[in-house]
Undergrad: 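Handing you this structure, nothing more for now.
Worth knowing before you read on, the calculation uses all heavy atoms, side chains too, and leaves out hydrogens, waters and symmetry mates. Both ligands and their constituent atoms are indexed starting at 1 by order of listing.
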Amino acid sequence: MRIFLLNPSDFTRFSYLRGRVGLAAILKCLGVDAGDDVVTQAFTCSAVPEAIMYVGARPIYVDIEADGVNMDPADLAKRITRRTKAIIVQHTYGIPADLELILEVSGQKRIPVVEDCAHTLASTYRGRILGSFGAASFYSYEWGKPVITGIGGSVRINDGRLEARMKADYSRFREPSTARQMRLFIQYLAHAVVYRPSFYWPIKDLYHALGRLGVGESNYTPPGAADRSRQEFATKMSALHQVFLRHKLRGLADLVDTSRSVAARYKSQLGGIPLQRPRQPDGADTIFSRYPLFAADKAGLLHEARRQRIELSDWYATPVHPISGPDLEKVCYRPGSCPRAESACKRIVTLPVHAKVRRPHVDKYVKLFGASGLT
Ligand SMILES: *Cc1c(COP(=O)(O)O)cnc(C)c1O
């Protein structure tokens, strides 16, 4: 049994409306400014470049490893310039990045590392918990993340000087309006009550429809929505929301056990089907936030999953999810610049690993993946 070193109140000390708001605060306190570059991986979420661009910097994308979902250390070394002021290292689906090689590169160039722990609260690398390797790390509590409170994010700091700056910076943040707090809470409750894997597709459709109507709390700010951004990036997590978060985090050990046992079941049940799993570095002990597989016919699998009402997620479907087409240029992503990330988007599907996954769901996945031609 793992012994948890993390205390739930470590996650409410610096807590924000969203993960990206915390990331922007870290970058600002690291001194990242207009005209600087911040390196991040392609095969990421639009929240990351949104935060980078909010502080005035330019996102530079690094390709992912062959057969993996995390940053390629060799490509990282190539994309660093004199303008690079920070490196964001993502642990996709909870799989640790190849930290030894990445930290070698960042150490040589003396560039601070920020760990994107949006998908992980408990995975370890060589016995040490993720989020403890960089100068700082940030977390997210959106749908699809390991611990869900609707929206929300936290920051943890591993550097004394940075910590002092973050503390001073935190005083400029305000709580959301009471009306918004109520709306967030109702959405959180609705999801907690209604959600189960067979409702995945209708809930997803509803969520996107509400987001488009401006009723719900969509996780995607279209590039250029400056007024909304200014307010969002000055908003912290409310005190009430912090109470929920601490409560949820006290259940983390159970979430970890469930993720381990569901992932083990997928591994053994799907073992007979020739499916490619993303690579993990030596020394990784991965607690998956979702269970990823590469498939030959992703579109066919998603279509079948929707038809049979089986939860199956497509993210990331684009190198800067969910941004696609000409809008990618607005977040500084040049199509073709990270070919392995683009290829992974065409092949990745992910399965849930939480307590509502039961044996009949696993059986359905076995049938789905076993169907000829799709994998
Ligand atoms: C979800 C996510 C974030 C942050 O999302 P917020 O909506 O800002 O909380 C950051 N990075 C990755 C990789 C994510 O998946």
Undergrad: Should the pair R128 and F133 be classed as cation-pi, given the thresholds of under 6.0 Å to the six-membered ring centre and 45° from the axis?
TA: yes

Undergrad: Using a strict 4.0 Å cut-off to heavy atoms of Q90, name the atoms of ligand 1 that fall inside it.
TA: 13 (C)

Undergrad: Under a 4.0 Å heavy-atom limit, does R20 contact ligand 1 with its side chain, its backbone, both, or neither?
TA: both

Undergrad: Test your reading of the model: is there a side-chain donor-acceptor pair from D63 to the backbone of D72, 3.5 Å cut-off?
TA: no

Undergrad: At a 4.0 Å threshold, what atoms of ligand 1 neighbour a non-hydrogen atom of F138?
TA: 10 (C)

Undergrad: Between V48 and ligand 1, find which residue part has any heavy-atom pair under 4.0 Å and reply side chain, backbone, both or neither.
TA: side chain

Undergrad: Hey, does H321 sit under 4.0 Å from ligand 1 if you only count heavy atoms?
TA: no

Undergrad: Counting each atom of ligand 1 from 1 as listed, which ones have a heavy atom of H119 under 4.0 Å away?
TA: 13 (C), 14 (C), 15 (O)

Undergrad: Between N158 and G134 (side chain of the first, backbone of the second, donor and acceptor by atom type, cut-off under 3.5 Å), is there such a pair?
TA: yes

Undergrad: Per the ring pair (Phe, Tyr, Trp, His ring centres under 6.0 Å) rule, what does the pair list look like for residues 254-283, sequence neighbours excluded?
TA: Y266-Y291, Y266-Y365

Undergrad: Taking only non-hydrogen atoms of Y316, do any sit less than 4.0 angstrom from ligand 1?
TA: yes

Undergrad: Output the list of atoms in ligand 1 that are nearer than 4.0 Å to some heavy atom of A118, sorted by atom number.
TA: 2 (C), 3 (C), 10 (C), 11 (N), 12 (C), 14 (C)

Undergrad: F43 vs Y93 aromatic rings, parallel, tilted or perpendicular, using cut-offs 30° and 60°?
TA: perpendicular

Undergrad: Is there a donor-acceptor contact under 3.5 Å linking the side chains of Y141 and S154?
TA: yes

Undergrad: Does K267, at its NZ atom, have more than 12 non-hydrogen atoms belonging to other residues, nucleotides or ligands within less than 6.0 Å?
TA: no

Undergrad: Is R18 in polar range of ligand 1, meaning some N or O pair under 3.5 Å apart?
TA: no

Undergrad: Tell me whether K145 forms a cation-pi arrangement with Y139, defined as NZ or CZ under 6.0 Å from the six-membered ring centre and within 45 degrees of its axis.
TA: no

Undergrad: Quick check on contacts: which atoms of ligand 1 are under 4.0 angstrom from a heavy atom of G19?
TA: 6 (P), 8 (O), 9 (O)

Undergrad: Could you see which bit of Y141 sits under 4.0 Å from ligand 1, with heavy atoms only: side chain, backbone, both or neither?
TA: neither

Undergrad: Given the rule that I, L, V, M, F, W and Y join up when any side-chain heavy atoms are under 4.5 Å apart, are L189 and L240 in one cluster?
TA: yes

Undergrad: Check ligand 1 against E142 and write out every atom of the ligand that is under 4.0 Å from a heavy-atom position of the residue.
TA: 1 (C), 7 (O)

Undergrad: Under 3.5 Å, N or O to N or O, is W315 touching ligand 1 that way?
TA: no

Undergrad: Mark the output for E50 as yes if a heavy-atom distance to ligand 1 is under 4.0 Å, and as no if none is.
TA: no

